[in-house]
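A quick write-up on the structure given underneath.
Here the structure is a predicted model, which is why all the values come from computation and not from measurement. In what follows, chains carry the letters A, B, and so on, assigned in the order in which the sequence lines appear, proteins first and then strands, with residues in each chain numbered from 1.
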Number of protein chains: 2
Amino acid sequence: MHLDLTDLRLFLLVAEAGSITGGADRAGLALASASARLRGMEDQAGLALLERGRRGVTPTPAGRALLVHARTMLAQLDRLRGEMGEFAAGLRGHVRLLANTAASTEILPDLLAGFLAANPSLDVELQDRTSPAVAQAVAEGSAELGIAADHADFSGLERHFFRDDRLVLVTPPGHPLAGRGALPFAECLAEEFIGLAGDTALHLHVLGHAQRAGRPLRMRARVEGVDGVCRIVSQGVGVAVVPERSAARWPALAAVRLADPWAERRLHLVTRAGATLTPPARRLADHLLTAR
Amino acid sequence: MHLDLTDLRLFLLVAEAGSITGGADRAGLALASASARLRGMEDQAGLALLERGRRGVTPTPAGRALLVHARTMLAQLDRLRGEMGEFAAGLRGHVRLLANTAASTEILPDLLAGFLAANPSLDVELQDRTSPAVAQAVAEGSAELGIAADHADFSGLERHFFRDDRLVLVTPPGHPLAGRGALPFAECLAEEFIGLAGDTALHLHVLGHAQRAGRPLRMRARVEGVDGVCRIVSQGVGVAVVPERSAARWPALAAVRLADPWAERRLHLVTRAGATLTPPARRLADHLLTAR
DNA sequence: AGCCAGGCTTCGGATATTACGAAGGCTGCA
DNA sequence: TGCAGCCTTCGTAATATCCGAAGCCTGGCT
């Protein structure tokens, strides 16, 4: 039995109007078309749905049963349309945001909390990437928004200053390096390091600079989360490179500035150049750039 | 935004299959058609519903929302089809049964109770008509089943004996006519009568015979229901013509047989000659003829 | 390095569905 | 008897839908 949404709508309107003429009119159909559709429905069902009277039509019991279903289906369709409309208007949606470790662990959580609370129907997916990977992903369109440090390649991207960020070396309180200022990273390569687990952006980043300095880092441990790293260091084991913001939460640790230029970085919110953002991404970008 | 049930089904199948190719296959569509449909849906909605990957497609958040609605709508459609099927198969339905007053007030209620209990999905509509009107309505198809007395015109009808029925004159206990046997109706036209209200078949029937006897009945009151009539007569006011079965329930009343042939009648279940009954009507007819 | 395999899109033509206006039949009413 | 309201049927035109073939792209296999 083939049924059409137009059939259902027509049947509903006809039943409400009490005549095929009236229903066809409301449905914006010619009388002939309406009549043919209704006849088709009855043929398909193999039973009468409308009782043809002299002064219009009234639904048969089967027709009344059909009406119930038709109403719920059409209501469901309305809800569907409404929801799609919300998506299209950006009231509902989903944004993928890529950021380096410093931003994604220290800065963004608070900002996102505010955003999510203010936009209950928007979902955000935050992923941790090195700045170059962020820039590349946004440039080729696999993410709409990114937070990248300025050492990345910004060609093809539009950038807006986001935050300053600084990497520091944290050491246990009594450590020989503690108290030094503007320490060149090369001078601490002999230390035992604690790193982040997995493919964490910060871990890859530090590793890269160690390699560039010509010497592999001695990694005593790799753990989940910047706080995990700091906890270990605060126990007196090893040193680590972490965002200054993270170190600030651990007063028991000594934080030593790094002299290298890559440790001082400006974070930028990047989008693909020339691309118009989807409404949800637009809102998130606005929020990230304006909220304090 | 125009949407099609085929669209919804296709989208569902595509999402389940994980690829347009697979979904088109399950939907019985050519790949090209499926692709065009999906594209059309996205154009209409103004947003992406499927994320095209290298190895198939996955729904976007909007697509997932659509899936939810699609599933419920299609489920609703299935229920609808099922219900229509029940109607078509006669598992659900509606029968209009016409009967004269005696049958509809005294005999049918009990029988229908049993039928309705045994067939919870069948509805019965019982209407009160004079026997000639019953016969005519059934003959011309405006009702499928009827119960008519044998003085009606049975041409074009198929009839099956149903019950014997007799009309009696009920009087208050001490009434002069009480105790008479085989009283000609013509001899009691001078009495004061109590009748049924409205266009009740029995009322019209008795009225007709009085007219044929050349004298209008003196109607003291017309009330609802045979029991109402009997109650009044039992108070000592007037007399009435009622089915013998009704009179039997009032031992306080005297019931006098009428000598006229029209007072003795055989009730028949009638259907239109040559017409095949709808399944619900068939069941009701069977029940009426076999139940005791 | 080159070559299938799997997946999606586009293209052009055949086919079916759908819509429409006009004409016709029926009934009730003035 | 004529008119008005309502439904159906008919023939035609527009529209939507479908399909197979060809093309593009990516990833894996040889």
Side-chain angles (χ1 to χ4, degrees), chain A residues 1-60 62-63 66 70 136-137 139-142, chain B residues 1-60 62-63 66 77 136-137 139-142:
Chain A
M1 172 182 178
H2 178 262
L3 256 186
D4 198 334
L5 285 174
T6 311
D7 285 333
L8 294 181
R9 205 174 83 89
L10 173 64
F11 191 80
L12 199 60
L13 291 173
V14 165
E16 282 172 1
S19 77
I20 300 184
T21 304
D25 206 34
R26 300 188 194 184
L29 280 181
L31 174 59
S33 316
S35 175
R37 278 198 110 95
L38 295 169
R39 195 152 141 53
M41 292 173 70
E42 295 185 315
D43 286 351
Q44 293 284 336
L47 44 83
L49 298 173
L50 291 175
E51 182 125 5
R52 270 77 167 172
R54 309 297 156 228
R55 195 129 213 99
V57 294
T58 54
T60 63
L66 175 63
Q136 183 184 350
E140 65 190 21
S142 70
Chain B
M1 172 184 182
H2 178 261
L3 257 187
D4 198 335
L5 286 174
T6 312
D7 284 334
L8 294 180
R9 206 173 82 89
L10 174 65
F11 191 80
L12 199 62
L13 292 173
V14 165
E16 283 171 1
S19 77
I20 301 184
T21 304
D25 207 33
R26 301 190 194 183
L29 280 181
L31 174 59
S33 314
S35 176
R37 266 189 185 279
L38 294 169
R39 194 149 138 53
M41 291 171 71
E42 294 186 315
D43 286 350
Q44 293 284 335
L47 45 80
L49 299 173
L50 291 174
E51 182 126 4
R52 270 76 167 173
R54 312 296 158 228
R55 195 128 213 95
V57 294
T58 55
T60 63
L66 175 63
L77 182 64
Q136 184 184 348
E140 67 190 20
S142 69

Distance from [X] atom [atom1] to [Y] atom [atom2], nearest 0.5 Å?
| X | Y | atom1 | atom2 | answer |
| --- | --- | --- | --- | --- |
| L49(B) | F11(B) | CG | CZ | 5.0 Å |
| D7(A) | H2(A) | CG | NE2 | 7.5 Å |
| L38(A) | D43(A) | CG | CG | 11.0 Å |

Query - Partners meeting salt bridge (charged side-chain N to carboxylate O under 4.0 Å, His left out) with E51(B) (sequence neighbours left out) - result: none

Query raised in the report: Can you list the residues that meet the salt bridge (charged side-chain N to carboxylate O under 4.0 Å, His left out) rule with R55(A), with sequence neighbours excluded?
Result: none

Query raised in the report: Got a sec? Which of residues 15-25 of chain B come in under 4.0 Å of DNA chain C, heavy atoms?
Result: S19(B), I20(B), T21(B)

[atom1] of [X] versus [atom2] of [N]: gap in Å, rounded?
| X | N | atom1 | atom2 | result |
| --- | --- | --- | --- | --- |
| D43(A) | dT9(D) | CG | C1' | 14 Å |
| L38(B) | dT9(C) | CG | C1' | 12 Å |
| L10(B) | dT17(D) | CG | C1' | 13 Å |

Requested in this report: Check whether any side-chain heavy atom of Q44(A) lies under 4.5 Å from a side-chain heavy atom of L3(A), and answer yes or no.
Outcome: no

Query - Within-4.5 Å side-chain heavy-atom neighbours: T58(B) and R52(B) - result: no

Report summary line: Hits for side-chain contact (heavy atoms from CB on, under 4.5 Å) against A48(B), two or more places apart or cross-chain, chain-then-number order -> E42(B), T60(B)

Report task. Sequence neighbours left out, what passes side-chain contact (heavy atoms from CB on, under 4.5 Å) with T6(A)? Give chain and number order. Result -> D4(A), R37(A)

**Report entry** side-chain N/O R39(B) vs dT10(C) OP1/OP2, d < 4.0 Å
**Finding:** yes

Requested in this report: Give a yes/no answer on whether the side chain of S35(A) brings an N or O atom under 4.0 Å of OP1 or OP2 in dT8(D).
Outcome: yes

**Report entry** Partner set under side-chain hydrogen bond (donor to acceptor under 3.5 Å, both in side chains) for R9(B), not counting sequence neighbours
**Finding:** none

Query raised in the report: With a non-hydrogen cut-off below 4.0 angstrom, is G56(A) in contact with a base, only sugar-phosphate, or nothing?
Result: sugar-phosphate

Quick one: which protein N/O atoms are closer than 3.5 Å to N/O atoms of nucleotides 27-30 of chain D? Pair and distance per line, please.
none

Query - Degree of bending in the helix from dA1(C)-dT30(D) to dA30(C)-dT1(D) once both end axes are built from five pairs, to 10° - result: 0°

Which atom pairs, one a donor and one an acceptor, fall under 3.5 Å between side chains of residues 13-32 of chain B and the rest of the protein, sequence neighbours left out?
{"residue": "S19(B)", "atom": "OG", "partner": "G22(B)", "partner atom": "N", "Å": "2.9"}

Identify all pairs in which a protein N or O lies below 3.5 Å from an N or O of nucleotides 14-22 of chain C, and state each distance.
{"residue": "dT18(C)", "atom": "O3'", "partner": "R37(A)", "partner atom": "NH1", "Å": "3.2"}
{"residue": "dA19(C)", "atom": "OP1", "partner": "R37(A)", "partner atom": "NH1", "Å": "2.8"}
{"residue": "dA19(C)", "atom": "OP2", "partner": "R37(A)", "partner atom": "NH1", "Å": "2.7"}
{"residue": "dC20(C)", "atom": "OP2", "partner": "A30(A)", "partner atom": "N", "Å": "2.7"}
{"residue": "dC20(C)", "atom": "OP2", "partner": "S33(A)", "partner atom": "OG", "Å": "3.3"}

